[in-house]
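The chains referred to below are lettered A, B, ... by the order of the sequence lines, with proteins before strands, and numbering in each begins at 1. These numbers come from a predicted model, not from an experiment.
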Protein chains: 2
Amino acid sequence: MDFTERVNSNIESLDRASMDEAKSRQDSLTKPLGSLGKLEDISIQIAGIKKDARPSIDKKVIIVMAGDHGISEAGVSAFPKEVTPQMVLNFANGGAGINVLSRHVGAEVRIVDIGVDADIESEVVINKKIKMGTDNFINGPAMTRDEAISALNVGIDIVTDEVLSGADLIATGDMGIGNTTASTAILRVLSGLDINEITGRGTGIDEEGLVRKQELILEAIQMNDPNSGDAIDVLSKLGGLEIAGLAGVTLGAAMNRVPVIIDGFISAAAALVAAKIAPRSVEYMIASHISVEPGHGFIWRELGLDPILDLNMRLGEGTGAALTMSIVEAACKVLSEMATFAEASVSDKSEKEERVK
Amino acid sequence: MDFTERVNSNIESLDRASMDEAKSRQDSLTKPLGSLGKLEDISIQIAGIKKDARPSIDKKVIIVMAGDHGISEAGVSAFPKEVTPQMVLNFANGGAGINVLSRHVGAEVRIVDIGVDADIESEVVINKKIKMGTDNFINGPAMTRDEAISALNVGIDIVTDEVLSGADLIATGDMGIGNTTASTAILRVLSGLDINEITGRGTGIDEEGLVRKQELILEAIQMNDPNSGDAIDVLSKLGGLEIAGLAGVTLGAAMNRVPVIIDGFISAAAALVAAKIAPRSVEYMIASHISVEPGHGFIWRELGLDPILDLNMRLGEGTGAALTMSIVEAACKVLSEMATFAEASVSDKSEKEERVK
């Protein structure tokens, strides 16, 4: 059985009975029908994922994958490549945005070196390095198909271990200078959308840099000629290692029946790859936020997901997903903890129905 | 000194020096410039409010005001009027949406009976009843000008007491069957917007009910002829007591230099009244979410505020504001806890500037 078959055979649809029961309970709670909007939708989705009509969230884990990109030597980012390992150490030391926000929401963070182009000396960082960054996709494939599948499996294995240790809500996060370039290239091939519509400024390049980024992406697509019907081929040829790892995390969450919150543009590109490999995995995804990076919204549209937060963020690292974890947890608490009309002796709308008419 | 003069003389502008210092610090933190979007803006606003370049949030209090509306006897709501006191008791017993969400974010809730048309027997509910609900504004003013000013003062006094007891982040919330009707009437007069654009279905009335609600609002405005240049006159004539109380809470927060998160449509109508009484109070406001109720977005536009959450909620009670409290707290933690480029030895963008060109 090949990778794609194995993954698909291990992802079930959501449990309808639990979802129906959760919906009935939502409708019996002391509030106008549907008035908690997306909180209600999320709670029902999670009931279906966990086969539990009153699910709770007990352990939240954010998996941040870091990797380097050969294309970064072309100056597609506002920051130099050394920033990838520097930021990984910043994560390890607890000083980055993701550290602050994960502490705030009570989530644990796993930092995975899946392809940083430097030796990372830290006991906190999980070493799953496939290689020292991808190759520059201007000259040929970013990685081999085998390397891409290894990276996907790293993600699946990590999330499986976390679920075995009790994690019941997973979030994705990324670090990798140059990775909006790879993500934009993936989106271009998998969606066919116009490069001008989907390319953004990443960490903050100028107009000249933006044009150059678009040219490089089109050039790389032309020279590598990825098969848009084969997401693993697209992933191999355009990169990156952390995107492959995060696609694996996303698939692994679905394989383990755990909800996965998708962070920013890079995590969303990984989720798009996951959705192409195993379409049912989308049922397990929750869209965290809509970022300033224009491609982000296009991916949510492709996936049919509606993001929860709109905070003009564009940091990645899992920062948007971390904030969303708190909202998802709140959604489950509403479903479990609110009183019903009967319990609270509150007159239900139905009792009024005839009076109004 | 009359009410309006007293309030205005007690609201200062935000502290520019603290805001500039907070902005400089944000720009030195290990992230691309501005990449935490609204989190950065909020942290800078709160620095200006608290005169502290690294503010923290230590005690969060949600003030929920409950009152009845004479107009509810005309059947403008999907729920009967008895639901107001029933829900107040549900709040007191901890079973409502606001209880679940405030526990989740670690906020305390104060429940204030400022005009419920029933005797509330609960030690938890703060009794500040001005009268047993407003009068039906179809027959004359909802309340007298003196009653409106008393209700405004109730809000100011409650928030002042809370700040003296350590509260440093306030949120508003409402309960009152019929209060989207009063809020829509206020918005219509203070903004001049088309009644068809701003009227919504509240807790869930049908098409026929919606048309009737619009007719009643226009009728009430015509018969009471409120002076659109005098927000207290508008408030007195259209109601309600809880809207007046929440306008007072909003003003009181500004008078005490504490940020105030404005909840749903009713709280926003109260904030609009506050802004008309004391325009500088807007600097202290944070817009929580954009609800399904169409007038909500119009009020944010009138106030020049940009809501943080978009969750299709329309429950009121402070539920949207409670979730927003967690985001505001996160914003302050980012400002205080993240490492700077220098502290984390991460290469700043500026070091690259010449390399890219």
(message) Ignoring hydrogens, what is the shortest heavy-atom contact between B:A330 and A:L323? Give both atom names and the distance.
(response) CB-CD2, 3.7 Å
(request) Taking all heavy atoms of A:T30 and all of B:E317, pick out the closest pair and write down the distance. (result) O-OE2, 4.5 Å
(message) So does A:S326 get a backbone contact from the side chain of B:H104, meaning a donor-acceptor N/O pair under 3.5 Å?
(response) yes
(request) For the pair A:Q86 (side chain) and B:A344 (backbone), establish whether a donor and an acceptor sit closer than 3.5 Å, ignoring hydrogens and angles. (result) no
Look at [options] and state which one has the largest set of heavy-atom pairs under 4.5 Å with chain B.
{"options": "A:A96, A:G209, A:G94, A:P307", "result": "A:A96"}
{"options": "A:S35, A:G316, A:G95", "result": "A:S35"}
{"options": "A:R314, A:M87, A:M313", "result": "A:R314"}

(request) Give the member of B:P85, B:S291, B:G37 that has the highest number of heavy-atom pairs under 4.5 Å with chain A. (result) B:G37
(message) If the contact rule is any heavy atom under 4.5 Å from chain B, which residues of residues 38-46 of chain A qualify, in numerical order?
(response) A:K38, A:L39
(request) Could I get the full list of salt bridge (charged side-chain N to carboxylate O under 4.0 Å, His left out) partners for A:K60, not counting sequence neighbours? (result) A:E329
(request) Anything in residues 332-339 of chain B with a heavy-atom distance to chain A below 4.5 Å? Please list those residues in order. (result)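 When heavy atoms of chain A are the reference, residues 332-339 of chain B contributes B:K333, B:V334, B:E337, B:M338, B:A339 within the under-4.5 Å range.
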(request) With rounding to the nearest 0.5 Å, note down the distance linking CG in B:L36 to CG in A:L311. (result)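 The CG atom of B:L36 sits 9.0 Å away from the CG atom of A:L311.
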Checking heavy atoms, do the side chain of [X], its backbone, both or neither come under 4.5 Å from chain B?
{"X": "A:L315", "result": "both"}
{"X": "A:R103", "result": "side chain"}
{"X": "A:L101", "result": "side chain"}

(message) Between A:F79 and B:P32, is there a side-chain heavy-atom distance shorter than 4.5 Å?
(response)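 The answer is yes; the side chains approach within 4.5 Å.
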(message) Taking the side chain as everything from C-beta on, heavy atoms only, tell me whether A:L309 gets closer than 4.5 Å to B:I327.
(response)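 When only atoms from C-beta onward are counted, B:I327 and A:L309 do touch, with a gap below 4.5 Å.
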(request) Name all residues meeting the side chain to side chain donor-acceptor pair (under 3.5 Å) criterion together with A:T199; count only those two or more places apart in sequence or in a different chain, and write none if there are none. (result) none
